[in-house]
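Take a look at the structure set out below.
Computed from a predicted model, the values in this text were never measured in an experiment.
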Amino acid sequence: MKPSPFDYHRPATLDEALGLLQAHEDARLLAGGQSLIPAMNFRLAAPEVLIDLGDIAALRDITVDQAGNLKIGAMASHADCQRSQTIQEGWPLIAEALAYVAHAQVRHRGTIGGSLAHADPAAEWPALCVALDATLTVTGPAGTRNIAAVDFFQGVYATSLEAHDILTAITFPAWPSGRRWGFHEVSRRQGDFALAGAAVVIDTHDGQICSHAKAVLFGVADTPVALPALTRRLERAELPPAGFGPDHEAAEESEHTFFQRCDDLAWFARTAVEPRSDLHADAAYRQDLIQAVVALALRQAAGASATKLTRSAQAPRSEGPVPADKIMVNGRLMESVGQRANAHATPESQRNAPANPSKTLSRITLADHARDNWRLTGTHIGCEHGVCGACTVLIDGESARACLMFARQAEGRAVTTIEGLTPANGELSDLQQQFVAHHALQCGFCTPGMIVSAEALLRENPSPTADEVREALSGNICRCTGYVSIIEAVLATARLRQGETT
(Lines give C-alpha, C1' and ligand atoms only; values in the text may rest on other atoms or scores of the structure.)
Protein backbone atom coordinates (compact mmCIF):
# COMPACT_ATOMS: atom_id res chain seq x y z
CA MET A 1 0.00 0.00 0.00
CA LYS A 2 0.99 3.60 -0.53
CA PRO A 3 -0.17 6.67 1.43
CA SER A 4 -2.86 8.98 0.10
CA PRO A 5 -1.70 12.29 -1.44
CA PHE A 6 -1.17 15.16 0.98
CA ASP A 7 0.29 18.66 1.14
CA TYR A 8 3.70 18.79 2.82
CA HIS A 9 5.07 21.69 4.88
CA ARG A 10 8.37 21.93 6.73
CA PRO A 11 8.37 25.05 8.94
CA ALA A 12 11.58 26.48 10.34
CA THR A 13 10.09 27.90 13.54
CA LEU A 14 7.57 26.88 16.17
CA ASP A 15 5.40 29.94 15.42
CA GLU A 16 5.26 28.97 11.75
CA ALA A 17 4.25 25.42 12.68
CA LEU A 18 1.48 26.70 14.98
CA GLY A 19 0.20 28.95 12.21
CA LEU A 20 0.07 26.08 9.72
CA LEU A 21 -1.67 23.84 12.25
CA GLN A 22 -4.41 26.42 12.79
CA ALA A 23 -4.75 27.19 9.08
CA HIS A 24 -5.45 23.60 8.03
CA GLU A 25 -8.35 21.66 9.51
CA ASP A 26 -7.13 18.17 8.59
CA ALA A 27 -3.43 18.56 9.44
CA ARG A 28 -1.16 16.14 11.27
CA LEU A 29 2.21 16.85 12.84
CA LEU A 30 5.12 14.75 11.60
CA ALA A 31 7.71 14.31 14.36
CA GLY A 32 9.70 11.14 13.70
CA GLY A 33 7.03 9.47 11.60
CA GLN A 34 7.93 5.96 12.76
CA SER A 35 4.33 5.30 13.84
CA LEU A 36 2.41 7.73 11.62
CA ILE A 37 3.96 6.72 8.29
CA PRO A 38 3.18 2.99 8.66
CA ALA A 39 -0.42 3.97 9.43
CA MET A 40 -0.44 6.14 6.30
CA ASN A 41 1.08 3.36 4.20
CA PHE A 42 -1.78 1.11 5.31
CA ARG A 43 -4.32 3.92 4.69
CA LEU A 44 -5.27 3.77 8.37
CA ALA A 45 -4.44 7.48 8.46
CA ALA A 46 -4.98 9.84 5.52
CA PRO A 47 -4.30 13.44 6.55
CA GLU A 48 -4.73 16.16 3.95
CA VAL A 49 -1.72 18.09 5.30
CA LEU A 50 1.52 17.03 6.99
CA ILE A 51 3.53 19.54 9.00
CA ASP A 52 7.09 18.25 9.42
CA LEU A 53 8.75 19.58 12.61
CA GLY A 54 12.18 18.23 11.64
CA ASP A 55 13.75 21.63 10.86
CA ILE A 56 12.88 23.32 14.17
CA ALA A 57 16.33 23.02 15.72
CA ALA A 58 15.27 24.60 19.03
CA LEU A 59 13.09 21.56 19.75
CA ARG A 60 16.08 19.20 19.80
CA ASP A 61 18.02 20.71 22.72
CA ILE A 62 18.97 18.59 25.74
CA THR A 63 19.84 20.87 28.67
CA VAL A 64 20.05 21.01 32.47
CA ASP A 65 18.73 24.12 34.22
CA GLN A 66 20.14 25.82 37.31
CA ALA A 67 17.94 23.71 39.57
CA GLY A 68 19.40 20.53 38.07
CA ASN A 69 16.30 19.58 36.09
CA LEU A 70 16.72 17.82 32.74
CA LYS A 71 14.87 19.42 29.81
CA ILE A 72 14.60 17.46 26.56
CA GLY A 73 13.21 19.09 23.43
CA ALA A 74 10.32 17.13 21.95
CA MET A 75 12.14 16.68 18.62
CA ALA A 76 15.22 15.10 20.20
CA SER A 77 15.53 11.63 18.72
CA HIS A 78 15.84 8.50 20.80
CA ALA A 79 19.43 8.25 19.53
CA ASP A 80 20.15 11.86 20.58
CA CYS A 81 19.07 10.94 24.10
CA GLN A 82 20.92 7.62 24.00
CA ARG A 83 24.19 9.35 23.05
CA SER A 84 23.76 12.16 25.56
CA GLN A 85 26.47 12.02 28.21
CA THR A 86 24.25 14.25 30.35
CA ILE A 87 21.49 11.64 30.39
CA GLN A 88 23.84 8.67 30.82
CA GLU A 89 25.56 10.23 33.83
CA GLY A 90 22.67 12.11 35.42
CA TRP A 91 19.52 10.08 34.62
CA PRO A 92 20.69 6.47 34.25
CA LEU A 93 17.17 5.00 34.28
CA ILE A 94 16.43 6.82 31.00
CA ALA A 95 19.72 5.63 29.51
CA GLU A 96 18.92 2.05 30.50
CA ALA A 97 15.42 2.11 29.02
CA LEU A 98 16.54 3.63 25.70
CA ALA A 99 18.39 0.43 24.84
CA TYR A 100 14.98 -1.25 24.66
CA VAL A 101 13.33 1.33 22.39
CA ALA A 102 12.63 -0.25 19.00
CA HIS A 103 15.58 -0.80 16.65
CA ALA A 104 18.52 1.39 15.68
CA GLN A 105 16.83 2.65 12.50
CA VAL A 106 13.78 3.77 14.52
CA ARG A 107 15.85 5.30 17.32
CA HIS A 108 17.67 7.47 14.76
CA ARG A 109 14.44 8.87 13.28
CA GLY A 110 11.88 8.55 16.09
CA THR A 111 11.54 11.36 18.64
CA ILE A 112 10.63 11.55 22.31
CA GLY A 113 7.78 13.97 21.54
CA GLY A 114 6.42 11.77 18.78
CA SER A 115 6.42 8.74 21.08
CA LEU A 116 4.68 10.59 23.92
CA ALA A 117 2.05 12.17 21.65
CA HIS A 118 1.38 8.77 20.04
CA ALA A 119 0.84 7.30 23.54
CA ASP A 120 1.25 3.63 22.69
CA PRO A 121 0.59 1.67 25.92
CA ALA A 122 3.64 -0.53 25.26
CA ALA A 123 6.12 2.32 24.69
CA GLU A 124 8.90 3.06 27.17
CA TRP A 125 8.82 6.88 27.24
CA PRO A 126 5.34 7.25 28.81
CA ALA A 127 6.29 4.91 31.67
CA LEU A 128 9.58 6.76 32.22
CA CYS A 129 7.77 10.09 32.40
CA VAL A 130 5.30 8.78 34.98
CA ALA A 131 8.00 7.03 37.02
CA LEU A 132 10.20 10.13 37.12
CA ASP A 133 7.38 12.67 37.66
CA ALA A 134 8.10 14.45 34.40
CA THR A 135 6.30 17.58 33.23
CA LEU A 136 5.31 17.97 29.58
CA THR A 137 5.31 21.47 28.07
CA VAL A 138 2.65 22.11 25.44
CA THR A 139 2.28 25.19 23.23
CA GLY A 140 -1.01 26.06 21.58
CA PRO A 141 -3.14 29.01 20.44
CA ALA A 142 -3.79 30.00 24.06
CA GLY A 143 -0.10 29.96 24.96
CA THR A 144 2.11 27.53 26.85
CA ARG A 145 1.02 25.22 29.63
CA ASN A 146 2.63 22.42 31.64
CA ILE A 147 0.99 19.02 32.14
CA ALA A 148 2.07 16.44 34.69
CA ALA A 149 2.88 13.12 33.03
CA VAL A 150 0.34 11.27 35.17
CA ASP A 151 -2.39 13.52 33.69
CA PHE A 152 -1.12 13.49 30.10
CA PHE A 153 -1.98 9.91 29.11
CA GLN A 154 -5.73 9.36 28.76
CA GLY A 155 -5.98 5.97 27.04
CA VAL A 156 -4.77 3.96 24.04
CA TYR A 157 -3.28 6.54 21.65
CA ALA A 158 -5.13 9.25 23.62
CA THR A 159 -3.58 12.21 25.44
CA SER A 160 -4.66 15.56 26.88
CA LEU A 161 -3.28 17.37 23.81
CA GLU A 162 -5.88 19.60 22.18
CA ALA A 163 -6.48 20.12 18.46
CA HIS A 164 -3.85 22.77 17.73
CA ASP A 165 -1.33 21.89 20.46
CA ILE A 166 2.33 21.04 19.90
CA LEU A 167 4.31 19.15 22.55
CA THR A 168 7.56 21.12 22.79
CA ALA A 169 9.58 19.84 25.77
CA ILE A 170 9.73 17.31 28.58
CA THR A 171 11.27 18.20 31.95
CA PHE A 172 12.54 15.58 34.39
CA PRO A 173 13.25 16.62 38.00
CA ALA A 174 16.82 16.58 39.26
CA TRP A 175 18.12 13.11 40.07
CA PRO A 176 18.63 12.85 43.87
CA SER A 177 21.78 11.37 45.32
CA GLY A 178 21.37 7.88 46.69
CA ARG A 179 18.62 6.95 44.24
CA ARG A 180 18.44 3.31 43.12
CA TRP A 181 16.66 2.35 39.91
CA GLY A 182 15.66 -0.67 37.86
CA PHE A 183 14.11 -1.35 34.48
CA HIS A 184 13.06 -4.53 32.72
CA GLU A 185 10.72 -5.51 29.93
CA VAL A 186 9.75 -8.63 28.00
CA SER A 187 9.13 -8.52 24.25
CA ARG A 188 8.82 -11.15 21.56
CA ARG A 189 12.16 -10.14 20.03
CA GLN A 190 14.70 -7.38 20.62
CA GLY A 191 13.14 -4.03 19.75
CA ASP A 192 9.50 -5.16 19.63
CA PHE A 193 6.91 -3.41 21.77
CA ALA A 194 6.83 -4.69 25.33
CA LEU A 195 4.36 -7.37 26.35
CA ALA A 196 5.04 -6.17 29.90
CA GLY A 197 7.62 -3.88 31.47
CA ALA A 198 8.45 -2.22 34.78
CA ALA A 199 10.37 0.89 35.83
CA VAL A 200 11.34 1.32 39.50
CA VAL A 201 13.03 4.14 41.43
CA ILE A 202 13.97 3.90 45.10
CA ASP A 203 15.25 6.93 47.03
CA THR A 204 17.22 6.20 50.19
CA HIS A 205 18.34 7.63 53.51
CA ASP A 206 22.04 7.03 54.16
CA GLY A 207 22.20 4.98 50.96
CA GLN A 208 20.28 1.96 52.29
CA ILE A 209 16.92 2.82 53.93
CA CYS A 210 14.12 3.48 51.44
CA SER A 211 12.53 6.91 51.96
CA HIS A 212 10.45 7.02 48.79
CA ALA A 213 9.79 4.66 45.92
CA LYS A 214 7.81 4.48 42.71
CA ALA A 215 6.99 1.53 40.46
CA VAL A 216 5.28 1.84 37.07
CA LEU A 217 4.10 -0.91 34.72
CA PHE A 218 3.66 -0.52 30.96
CA GLY A 219 2.42 -2.73 28.16
CA VAL A 220 -0.24 -4.28 30.40
CA ALA A 221 -3.03 -1.67 30.33
CA ASP A 222 -4.25 1.27 28.26
CA THR A 223 -1.85 3.69 30.00
CA PRO A 224 1.19 3.39 32.28
CA VAL A 225 0.12 1.94 35.63
CA ALA A 226 1.64 3.26 38.85
CA LEU A 227 1.64 0.89 41.84
CA PRO A 228 1.29 3.11 44.93
CA ALA A 229 0.35 0.21 47.21
CA LEU A 230 3.51 -1.63 46.24
CA THR A 231 5.74 1.41 46.72
CA ARG A 232 4.24 2.03 50.17
CA ARG A 233 5.38 -1.48 51.09
CA LEU A 234 8.90 -0.50 50.04
CA GLU A 235 9.15 2.52 52.32
CA ARG A 236 11.56 2.06 55.25
CA ALA A 237 12.84 -1.16 53.72
CA GLU A 238 16.55 -1.82 54.17
CA LEU A 239 18.38 -2.29 50.89
CA PRO A 240 21.69 -4.11 50.52
CA PRO A 241 24.86 -2.06 49.97
CA ALA A 242 25.09 -0.44 46.55
CA GLY A 243 26.56 -2.85 44.06
CA PHE A 244 25.67 -5.83 46.22
CA GLY A 245 26.19 -9.12 44.42
CA PRO A 246 28.30 -12.28 44.44
CA ASP A 247 31.56 -10.30 44.26
CA HIS A 248 30.63 -7.68 46.83
CA GLU A 249 32.83 -7.73 49.94
CA ALA A 250 29.73 -7.77 52.18
CA ALA A 251 28.05 -10.62 50.33
CA GLU A 252 27.33 -13.81 52.17
CA GLU A 253 26.40 -17.24 50.90
CA SER A 254 22.69 -16.42 51.25
CA GLU A 255 21.11 -13.45 49.52
CA HIS A 256 20.32 -10.24 51.36
CA THR A 257 16.84 -10.34 52.89
CA PHE A 258 15.69 -7.57 50.53
CA PHE A 259 16.01 -9.91 47.55
CA GLN A 260 13.64 -12.33 49.24
CA ARG A 261 11.29 -9.42 49.80
CA CYS A 262 11.48 -8.59 46.06
CA ASP A 263 9.79 -11.88 45.26
CA ASP A 264 6.96 -11.13 47.71
CA LEU A 265 6.51 -7.65 46.26
CA ALA A 266 6.46 -9.04 42.73
CA TRP A 267 3.69 -11.46 43.71
CA PHE A 268 1.77 -8.54 45.21
CA ALA A 269 2.17 -6.58 41.93
CA ARG A 270 0.82 -9.57 40.02
CA THR A 271 -2.38 -9.56 42.06
CA ALA A 272 -2.77 -5.75 42.13
CA VAL A 273 -3.26 -5.30 38.39
CA GLU A 274 -5.83 -6.68 35.98
CA PRO A 275 -3.91 -6.73 32.68
CA ARG A 276 -5.58 -6.64 29.29
CA SER A 277 -5.68 -9.42 26.71
CA ASP A 278 -4.86 -8.85 23.05
CA LEU A 279 -3.53 -10.78 20.08
CA HIS A 280 0.00 -10.66 21.53
CA ALA A 281 -0.69 -12.06 25.00
CA ASP A 282 -3.67 -12.91 27.17
CA ALA A 283 -4.28 -11.54 30.65
CA ALA A 284 -3.08 -14.68 32.45
CA TYR A 285 0.26 -14.65 30.64
CA ARG A 286 0.68 -10.94 31.31
CA GLN A 287 0.14 -11.57 35.01
CA ASP A 288 3.08 -13.98 34.93
CA LEU A 289 5.13 -11.36 33.09
CA ILE A 290 4.21 -8.64 35.60
CA GLN A 291 5.56 -10.78 38.43
CA ALA A 292 8.78 -11.44 36.51
CA VAL A 293 9.53 -7.88 35.37
CA VAL A 294 8.76 -6.34 38.77
CA ALA A 295 11.02 -8.86 40.54
CA LEU A 296 13.87 -8.23 38.08
CA ALA A 297 13.49 -4.43 38.19
CA LEU A 298 13.48 -4.46 42.01
CA ARG A 299 16.54 -6.67 42.13
CA GLN A 300 18.33 -4.37 39.73
CA ALA A 301 17.34 -1.37 41.85
CA ALA A 302 18.77 -3.14 44.88
CA GLY A 303 22.12 -3.34 43.12
CA ALA A 304 22.31 -7.01 42.22
CA SER A 305 22.97 -6.58 38.51
CA ALA A 306 22.21 -4.46 35.46
CA THR A 307 20.25 -5.90 32.57
CA LYS A 308 22.01 -3.83 29.91
CA LEU A 309 25.11 -1.68 29.58
CA THR A 310 25.00 1.74 28.00
CA ARG A 311 27.88 2.99 25.89
CA SER A 312 28.87 6.32 24.40
CA ALA A 313 28.54 5.95 20.66
CA GLN A 314 30.54 8.07 18.27
CA ALA A 315 28.55 10.73 16.42
CA PRO A 316 27.77 9.82 12.79
CA ARG A 317 30.13 11.10 10.14
CA SER A 318 28.90 14.30 8.50
CA GLU A 319 28.79 14.76 4.73
CA GLY A 320 28.97 18.54 5.18
CA PRO A 321 26.17 21.09 4.63
CA VAL A 322 23.61 20.23 1.96
CA PRO A 323 21.55 22.99 0.24
CA ALA A 324 17.94 22.98 1.43
CA ASP A 325 16.66 22.49 -2.12
CA LYS A 326 18.95 19.54 -2.87
CA ILE A 327 19.58 16.00 -1.63
CA MET A 328 23.13 14.66 -1.35
CA VAL A 329 22.94 11.09 -2.67
CA ASN A 330 26.08 8.97 -2.36
CA GLY A 331 28.20 12.13 -2.57
CA ARG A 332 26.32 13.73 -5.50
CA LEU A 333 23.86 16.62 -5.31
CA MET A 334 20.48 15.63 -6.72
CA GLU A 335 17.34 17.67 -7.36
CA SER A 336 14.75 17.66 -4.61
CA VAL A 337 11.29 16.19 -4.86
CA GLY A 338 9.89 19.71 -4.65
CA GLN A 339 11.80 20.66 -7.80
CA ARG A 340 10.26 17.67 -9.56
CA ALA A 341 6.84 19.01 -8.60
CA ASN A 342 7.71 22.37 -10.17
CA ALA A 343 8.70 20.58 -13.36
CA HIS A 344 5.04 19.69 -13.92
CA ALA A 345 4.23 23.35 -14.41
CA THR A 346 5.05 23.37 -18.16
CA PRO A 347 2.08 23.30 -20.54
CA GLU A 348 3.27 20.08 -22.15
CA SER A 349 3.54 18.22 -18.87
CA GLN A 350 0.28 19.57 -17.48
CA ARG A 351 -1.71 17.53 -19.98
CA ASN A 352 -0.73 14.24 -18.29
CA ALA A 353 0.26 15.52 -14.87
CA PRO A 354 -1.78 14.95 -11.70
CA ALA A 355 -4.17 17.76 -10.73
CA ASN A 356 -1.88 18.69 -7.82
CA PRO A 357 1.62 17.38 -8.61
CA SER A 358 3.17 18.74 -5.42
CA LYS A 359 0.54 16.98 -3.31
CA THR A 360 0.97 13.74 -5.23
CA LEU A 361 4.77 13.73 -5.17
CA SER A 362 4.84 14.48 -1.44
CA ARG A 363 3.55 10.99 -0.69
CA ILE A 364 6.51 9.24 -2.39
CA THR A 365 8.62 7.42 0.18
CA LEU A 366 12.38 7.65 0.08
CA ALA A 367 12.56 3.95 -0.79
CA ASP A 368 10.40 4.39 -3.89
CA HIS A 369 12.20 7.60 -4.88
CA ALA A 370 15.60 5.90 -4.62
CA ARG A 371 14.53 3.03 -6.83
CA ASP A 372 12.29 4.76 -9.38
CA ASN A 373 13.95 8.16 -9.81
CA TRP A 374 17.57 7.66 -8.80
CA ARG A 375 17.68 4.10 -10.18
CA LEU A 376 19.43 2.94 -7.01
CA THR A 377 17.74 -0.43 -6.89
CA GLY A 378 19.97 -1.88 -4.17
CA THR A 379 17.50 -0.40 -1.68
CA HIS A 380 14.99 -3.22 -1.50
CA ILE A 381 11.33 -2.86 -0.54
CA GLY A 382 9.82 -5.60 1.58
CA CYS A 383 7.16 -4.90 4.21
CA GLU A 384 6.67 -1.12 3.68
CA HIS A 385 5.74 -0.62 7.32
CA GLY A 386 9.10 -0.68 9.06
CA VAL A 387 9.58 -4.31 10.08
CA CYS A 388 11.98 -6.08 7.72
CA GLY A 389 14.78 -3.50 7.34
CA ALA A 390 15.46 -4.35 3.67
CA CYS A 391 15.15 -0.67 2.75
CA THR A 392 17.75 0.59 5.27
CA VAL A 393 19.82 3.59 4.13
CA LEU A 394 21.97 6.16 5.91
CA ILE A 395 20.55 9.64 6.53
CA ASP A 396 23.32 12.04 7.56
CA GLY A 397 25.32 8.98 8.57
CA GLU A 398 22.58 7.31 10.65
CA SER A 399 20.72 4.17 9.62
CA ALA A 400 17.04 4.70 8.78
CA ARG A 401 14.22 2.79 7.12
CA ALA A 402 13.57 4.39 3.75
CA CYS A 403 9.97 3.10 3.70
CA LEU A 404 9.25 5.12 6.89
CA MET A 405 10.50 8.40 5.47
CA PHE A 406 9.04 10.52 2.71
CA ALA A 407 11.47 11.67 0.03
CA ARG A 408 10.58 15.28 0.86
CA GLN A 409 12.03 14.74 4.33
CA ALA A 410 15.44 14.02 2.77
CA GLU A 411 15.72 17.51 1.27
CA GLY A 412 18.77 19.20 2.74
CA ARG A 413 20.08 15.85 3.97
CA ALA A 414 22.78 13.41 2.87
CA VAL A 415 21.51 9.99 1.81
CA THR A 416 23.80 6.97 1.42
CA THR A 417 22.46 3.78 -0.15
CA ILE A 418 24.20 0.43 -0.51
CA GLU A 419 25.66 1.69 -3.81
CA GLY A 420 27.38 4.51 -1.91
CA LEU A 421 29.22 2.05 0.34
CA THR A 422 31.02 0.48 -2.65
CA PRO A 423 34.47 1.93 -3.47
CA ALA A 424 34.70 4.17 -6.55
CA ASN A 425 36.79 1.57 -8.40
CA GLY A 426 33.83 -0.80 -8.39
CA GLU A 427 35.37 -3.37 -6.07
CA LEU A 428 33.52 -4.66 -3.04
CA SER A 429 34.03 -2.90 0.28
CA ASP A 430 35.74 -4.76 3.10
CA LEU A 431 32.35 -5.42 4.73
CA GLN A 432 30.89 -6.75 1.48
CA GLN A 433 33.94 -8.97 1.01
CA GLN A 434 33.46 -10.45 4.47
CA PHE A 435 29.80 -11.13 3.71
CA VAL A 436 30.99 -13.16 0.72
CA ALA A 437 33.78 -14.88 2.64
CA HIS A 438 31.47 -15.95 5.47
CA HIS A 439 28.60 -17.04 3.18
CA ALA A 440 26.36 -14.36 4.66
CA LEU A 441 24.64 -13.57 1.35
CA GLN A 442 22.07 -16.37 1.06
CA CYS A 443 19.29 -15.18 -1.31
CA GLY A 444 20.55 -11.59 -1.14
CA PHE A 445 17.25 -9.79 -0.60
CA CYS A 446 18.03 -8.65 2.94
CA THR A 447 21.76 -8.20 2.27
CA PRO A 448 21.83 -4.49 1.27
CA GLY A 449 19.89 -3.47 4.37
CA MET A 450 22.03 -5.73 6.56
CA ILE A 451 25.25 -4.24 5.18
CA VAL A 452 24.04 -0.65 5.59
CA SER A 453 22.96 -1.34 9.19
CA ALA A 454 26.27 -3.08 9.92
CA GLU A 455 28.24 -0.18 8.43
CA ALA A 456 26.33 2.27 10.62
CA LEU A 457 27.18 0.15 13.67
CA LEU A 458 30.89 -0.07 12.83
CA ARG A 459 31.10 3.69 12.34
CA GLU A 460 29.57 4.29 15.78
CA ASN A 461 31.21 1.36 17.53
CA PRO A 462 34.38 0.14 15.75
CA SER A 463 34.86 -2.83 18.12
CA PRO A 464 31.43 -4.29 18.84
CA THR A 465 30.80 -7.47 20.74
CA ALA A 466 28.68 -10.25 19.24
CA ASP A 467 25.75 -9.15 21.42
CA GLU A 468 26.09 -5.56 20.21
CA VAL A 469 26.05 -6.78 16.60
CA ARG A 470 22.91 -8.79 17.30
CA GLU A 471 21.23 -5.77 18.86
CA ALA A 472 22.25 -3.44 16.02
CA LEU A 473 20.94 -5.85 13.37
CA SER A 474 17.75 -6.76 15.23
CA GLY A 475 15.84 -4.37 12.99
CA ASN A 476 16.75 -6.40 9.90
CA ILE A 477 15.08 -9.72 9.06
CA CYS A 478 16.90 -12.38 7.05
CA ARG A 479 14.32 -14.56 5.37
CA CYS A 480 16.94 -17.29 4.88
CA THR A 481 17.81 -17.12 8.61
CA GLY A 482 21.52 -16.74 7.91
CA TYR A 483 22.10 -14.74 11.08
CA VAL A 484 25.17 -16.59 12.40
CA SER A 485 27.13 -16.01 9.20
CA ILE A 486 26.08 -12.36 9.12
CA ILE A 487 27.28 -11.75 12.67
CA GLU A 488 30.58 -13.48 11.90
CA ALA A 489 31.07 -11.29 8.81
CA VAL A 490 30.50 -8.08 10.80
CA LEU A 491 32.87 -9.15 13.59
CA ALA A 492 35.53 -10.13 11.05
CA THR A 493 35.26 -6.72 9.40
CA ALA A 494 35.64 -5.00 12.77
CA ARG A 495 38.79 -7.01 13.49
CA LEU A 496 40.26 -6.15 10.09
CA ARG A 497 39.56 -2.45 10.58
CA GLN A 498 41.31 -2.62 13.94
CA GLY A 499 44.43 -3.89 12.23
CA GLU A 500 44.13 -7.63 12.78
CA THR A 501 45.23 -9.66 9.78
CA THR A 502 43.70 -13.02 10.66
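Residues G378 and P448 come closest through the heavy atom pair O-CB, 3.1 Å. Between G386 and C403, the shortest heavy-atom contact is N-SG, 3.5 Å. The minimum heavy-atom distance linking G73 with I112 is given by the pair O-CG2, 3.4 Å. Q105 and N476 make their closest contact through NE2-OD1, 3.0 Å (heavy atoms, listed as atom of the first residue, atom of the second, distance). Considering every non-hydrogen atom in both T379 and A402, the closest pair reads CG2-CB, 4.4 Å. Counting all heavy atoms, side chain and backbone alike, R10 lies closest to Q409 at NH1-O, 3.1 Å.
A 6.0 Å sphere centred on CD of Q22 holds more than 12 heavy atoms belonging to other residues, nucleotides or ligands. Within a 6.0 Å radius of CZ in R189, other residues, nucleotides and ligands contribute more than 12 heavy atoms.
Residues R43 and S4 are in side-chain contact: their nearest non-hydrogen atoms beyond the backbone lie under 4.5 Å apart. The shortest distance between side-chain heavy atoms of T135 and I170 does not fall below 4.5 Å. Contact annotation: the side chain of L30 approaches that of I37 to within less than 4.5 Å [non-hydrogen atoms, C-beta and beyond]. Considering only heavy atoms from C-beta on, L18 stays 4.5 Å or farther from H164 through its side chain. Taking 4.5 Å as the limit, some side-chain heavy atom of P275 sits within range of a side-chain heavy atom of I290. Two residues are said to be in side-chain contact when any heavy atoms from C-beta on lie closer than 4.5 Å; F153 and D222 fail this criterion. Counting heavy atoms from C-beta on, the side chains of L53 and I166 come closer than 4.5 Å. Side chains of M40 and L50 form a contact here, defined as non-hydrogen atoms less than 4.5 Å apart.
Judged by distance alone, the side chain of Q34 and the main-chain N or O of G32 form a donor-acceptor pair under 3.5 Å. In this structure, S474 contributes its side chain and G191 its backbone to no donor-acceptor pair below 3.5 Å. Although no hydrogens or angles enter the test, the distance criterion places no donor-acceptor pair under 3.5 Å between the side chain of H369 and the main chain of A367. Side chain of Q190 to main chain of S187: no donor-acceptor pair is present (N/O by atom type, distance under 3.5 Å, no hydrogens or angles). W91 contributes a side-chain N or O that, together with a main-chain N or O of P173, makes up a donor-acceptor pair within less than 3.5 Å. Proximity of a side-chain donor or acceptor of S453 to a complementary backbone N or O of M450 within less than 3.5 Å is not detected. For the pair R145 (side chain) and G140 (backbone), a donor-acceptor distance under 3.5 Å is absent. Listed for the R408 side chain is no donor-acceptor partner under 3.5 Å among the backbone atoms of Y8.
Between F183 and F218, the ring planes are parallel. Angles under 30° get that label, and only those over 60° would be called perpendicular.
Separating the CD1 atom in I87 from the SG atom in C81 is a distance of 4.0 Å, to the nearest 0.5 Å. Rounding to the nearest 0.5 Å places CD1 of I364 at 6.0 Å from CG of N373. Rounded to the nearest 0.5 Å, atoms SG (C391) and CG (L366) are 8.5 Å apart. Here the CD atom belonging to E185 is positioned 12.0 Å from the CG atom belonging to L296, to the nearest 0.5 angstrom.
A salt bridge is defined here as a Lys NZ or Arg NE, NH1 or NH2 lying under 4.0 Å from an Asp or Glu carboxylate O, and E384 with K2 meets this definition. Taking 4.0 Å as the cut-off between side-chain N and carboxylate O, R107 and E471 count as a salt-bridged pair. Salt-bridge formation is not detected for the pair D203/R180: no Lys NZ or Arg NE/NH1/NH2 atom is positioned less than 4.0 Å from an Asp or Glu carboxylate oxygen. Under 4.0 Å is where a charged nitrogen must lie from a carboxylate oxygen, and between D55 and R413 at least one such pair does. Between R363 and D368 there is no salt bridge, since no side-chain nitrogen of the basic residue lies less than 4.0 Å from a carboxylate oxygen of the acidic one. Contact check on K214 versus D133 returns a salt bridge, with a Lys/Arg side-chain nitrogen under 4.0 Å from an Asp/Glu carboxylate oxygen. Checked for salt-bridge contact, D65 and K71 miss the test: no charged N lies under 4.0 Å from a carboxylate O.
With 3.5 Å as the limit, one finds no donor-acceptor pair spanning the side chains of N69 and T171. Counting only N and O atoms by type, the side chains of R109 and H78 include no donor and acceptor under 3.5 Å apart. For the residue pair D165 / T139, no side-chain donor-acceptor distance below 3.5 Å is found, with atom types taken as modelled.
By the side chain to side chain donor-acceptor pair (under 3.5 Å) test, D467 pairs with R470, sequence neighbours left out. Among residues two or more places apart in sequence or in another chain, the side chain to side chain donor-acceptor pair (under 3.5 Å) test is passed with R479 by none.
F193 has its ring centre no less than 6.0 Å from the ring centre of Y100. The six-membered or imidazole ring of H9 lies near that of H24, with a centre-to-centre distance under 6.0 Å.
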Using the side chain to side chain donor-acceptor pair (under 3.5 Å) rule, take R371 and H380 through it: C-alpha gap first, then chi angles, then the decisive distance, then the call. CA-CA 8 Å; R371 294 179 59 83; H380 292 166; 4.8 Å; no
Checking T417 against N330 for the side chain to side chain donor-acceptor pair (under 3.5 Å) test, could you report, in this order, the C-alpha distance in whole Å, the side-chain angles of both residues, the deciding distance, and whether it holds? CA-CA 7 Å; T417 67; N330 298 335; 3.0 Å; yes
Could you go through E460 and R83, starting from their C-alpha distance and side-chain angles, then the distance that decides it, and tell me whether this counts as salt bridge (charged side-chain N to carboxylate O under 4.0 Å, His left out)? CA-CA 10 Å; E460 289 193 358; R83 295 191 187 106; 2.6 Å; yes
Does I327 form a side-chain contact (heavy atoms from CB on, under 4.5 Å) with V322? I'd like the steps, not just the answer. CA-CA 7 Å; I327 303 176; V322 180; 5.8 Å; no
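The cationic atom of R179 (NZ for Lys, CZ for Arg) does not lie both less than 6.0 Å from the six-membered ring centre of W181 and within 45° of the ring axis.
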